[in-house]
Amino acid sequence: MSDNIDYQPINCAIHDEFELACIRQEVRTLTWHTKHQTFNQKLRFLDLKCEQGAEYLIAETEEHKPFKIRLDHIINMQVDSA
């Protein structure tokens, strides 16, 4: 779900929150956008990855459908109960 727009680094405190959520494999409702669409999905956070100068959240749905979301495309994050 990447596009050609330059990556904009996110705030360090928010990045730390993503890291902790991945370590705990927390379930959160995430809202993010791509060039053409906005998404809202309940996801289990798994890992953070760096590729081609951008950072990505690796997550999955309850049905184990994988997602790779650029951190600077995330609009909102809400904590859910597992």
Student: Would you mind telling me which of T31, N40, L30 makes a side-chain contact (heavy atoms from CB on, under 4.5 Å) with I75?
Tutor: T31
Student: Using a 3.5 Å cut-off and no angle test, enumerate the donor-acceptor pairs between side-chain atoms of residues 9-22 and protein atoms at least two apart in sequence or in another chain.
Tutor:
unit_1	atom_1	unit_2	atom_2	d
N11	OD1	A13	N	2.7
N11	OD1	I14	N	3.4
H15	NE2	E55	OE2	2.8
E17	OE2	R28	NH1	2.9

Student: Less than 4.5 Å apart, side chain to side chain, heavy atoms only: is that true for V27 and F45?
Tutor: no
Student: Would you give the length of the straight line joining atom OG1 of T34 to atom NE2 of H36, rounded to the nearest 0.5 angstrom?
Tutor: 6.5 Å
Student: Return the set of residues passing side chain to side chain donor-acceptor pair (under 3.5 Å) with H64 (not counting sequence neighbours), or none when no residue passes.
Tutor: E60
Student: Under 4.5 Å between any side-chain heavy atoms of F67 and F39, yes or no?
Tutor: no
Student: Output, in order, the C-alpha distance, side-chain angles, deciding distance and verdict of side-chain contact (heavy atoms from CB on, under 4.5 Å) for W32 and D72.
Tutor: CA-CA 9 Å; W32 73 96; D72 63 337; over 6 Å; no
Student: Would you call R24 and E26 a salt bridge, using N to O less than 4.0 angstrom?
Tutor: yes
Student: Please report the interatomic distance CD(E51) to OH(Y56), rounded to the nearest 0.5 Å.
Tutor: 6.5 Å
Student: Could you walk me through whether Q25 and L46 satisfy the side-chain contact (heavy atoms from CB on, under 4.5 Å) test, starting with their C-alpha distance in whole Å, then the side-chain angles of each, then the deciding distance to 0.1 Å, before giving a yes or no?
Tutor: CA-CA 6 Å; Q25 293 197 355; L46 301 175; 4.1 Å; yes
Student: Working to the nearest 0.5 angstrom, can you tell me the gap between L57 CG and D47 CG?
Tutor: 8.5 Å
Student: Could you tell me whether the side chain of T29 reaches within less than 4.5 Å of the side chain of Q41, counting heavy atoms only?
Tutor: no
Student: According to a 4.5 Å side-chain heavy-atom criterion applied to Ile, Leu, Val, Met, Phe, Trp and Tyr, with indirect links allowed, do I74 and I58 form part of one hydrophobic cluster?
Tutor: no
